[in-house]
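Notes for the one structure printed next.
One-based numbering along the sequence shown. Values below: all heavy atoms of this structure, side chains included; hydrogens, waters and symmetry mates excluded.
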Amino acid sequence: MPVIRSKLSEVMENHDPKLSIRKLAKDVNYHFDSVRRMYKDEMVQYPRDLLLKLCLYFNVQPGELIRIEDNIEDVETLTESNNPKEDSDENGSD
């Protein structure tokens, strides 16, 4: 199943490689821990107000802060279930 991933670390690096999470949180007037979780891609839900503040700060669209990726574990599970091992013919008939 696809998952949403944060690209905040990439956006920050492109904007200013020396920009810290703490400074960004202060600049956008948002909780440090929330910004840190988004930076480390640990956020379960993305608050709209945080996305808006980050978009305005970096002058980007929301799609530049988050992306959809395939979940590697799910892809491996799907591949295994779509390619079942062939059963041997126990009866010996074709």
Side-chain angles (χ1 to χ4, degrees):
M1 168 181 260
V3 294
I4 294 180
R5 298 280 184 210
S6 172
K7 294 173 35 176
L8 179 57
S9 61
E10 297 168 31
V11 172
M12 285 176 64
E13 179 69 25
N14 291 334
H15 178 78
D16 178 1
K18 295 183 180 184
L19 179 62
S20 70
I21 299 168
R22 190 165 303 282
K23 173 143 176 37
L24 175 61
K26 183 179 178 186
D27 288 351
V28 298
N29 192 29
Y30 212 83
H31 304 285
F32 168 76
D33 193 51
S34 296
V35 176
R36 181 192 56 77
R37 280 186 311 208
M38 186 165 175
Y39 178 88
K40 294 183 175 254
D41 192 28
E42 297 172 345
M43 193 166 267
V44 176
Q45 296 178 336
Y46 297 90
R48 291 184 344 178
D49 58 335
L50 175 58
L51 287 174
L52 176 61
K53 288 179 178 203
L54 294 173
C55 286
L56 295 174
Y57 184 85
F58 292 114
N59 192 29
V60 297
Q61 293 295 311
E64 295 175 70
L65 290 170
I66 56 177
R67 68 175 169 263
I68 297 175
E69 289 184 357
D70 287 329
N71 187 337
I72 301 300
E73 293 173 5
D74 288 345
V75 170
E76 290 171 356
T77 302
L78 277 175
T79 303
E80 290 172 3
S81 66
N82 288 338
N83 296 322
K85 296 179 183 175
E86 292 184 24
D87 293 331
S88 60
D89 188 358
E90 294 177 13
N91 296 333
S93 61
D94 291 337

Do Val35 and Leu56 sit in the same hydrophobic cluster, where Ile, Leu, Val, Met, Phe, Trp and Tyr count as joined when their side-chain heavy atoms come under 4.5 Å apart?
no
Closest approach of Ile66 to Ile4 (non-hydrogen atoms, all atoms of both residues)
CB-CG2, 3.9 Å
Are the side chains of Leu24 and Leu8 in contact, using a 4.5 Å heavy-atom criterion?
yes
Cys55 SG to Glu64 CD distance, which is reported to the nearest 0.5 Å
8.0 Å
Reported NZ-to-OG distance for the pair Lys40 and Ser9, which is rounded to 0.5 angstrom
10.5 Å
When hydrophobic residues are tied together by side-chain contacts of less than 4.5 Å, even through go-betweens, does Val3 share a cluster with Tyr46?
no
Take the angle between the ring planes of His15 and Tyr57 and call it parallel below 30°, perpendicular above 60°, tilted in between.
tilted
Check whether more than 12 heavy atoms from other residues, nucleotides or ligands sit under 6.0 Å from atom CZ of Arg67, and answer yes or no.
yes
Approximate separation, where rounding is to 0.5 Å, of Tyr30 OH and Asp49 CG
3.5 Å
Looking only at heavy atoms, the pair that brings Ile68 and Pro2 closest together is CG2-CB, 3.6 Å
Where do Leu50 and Met38 come nearest, in terms of heavy atoms and distance?
CD2-SD, 4.0 Å
Answer with yes or no whether the hydrophobic clustering places Phe32 together with Leu65; edges join I, L, V, M, F, W, Y residues whose side-chain heavy atoms lie under 4.5 Å apart.
yes
Should the heavy atoms of other residues, nucleotides or ligands under 6.0 Å from CD of Glu69 be counted, would the total exceed 12?
yes
Could you tell me whether the side chain of Lys53 and the main chain of Asn29 form a donor-acceptor pair under 3.5 Å?
yes
Taking atom CD of Glu13 and atom CG of Leu19, what is their separation to the nearest 0.5 Å?
10.0 Å
At what distance, to the nearest 0.5 angstrom, does CZ of Arg37 lie from CE of Met43?
5.0 Å
Look up atom NZ in Lys7 and atom OH in Tyr39, then write down how far apart they are to the nearest 0.5 Å.
15.0 Å
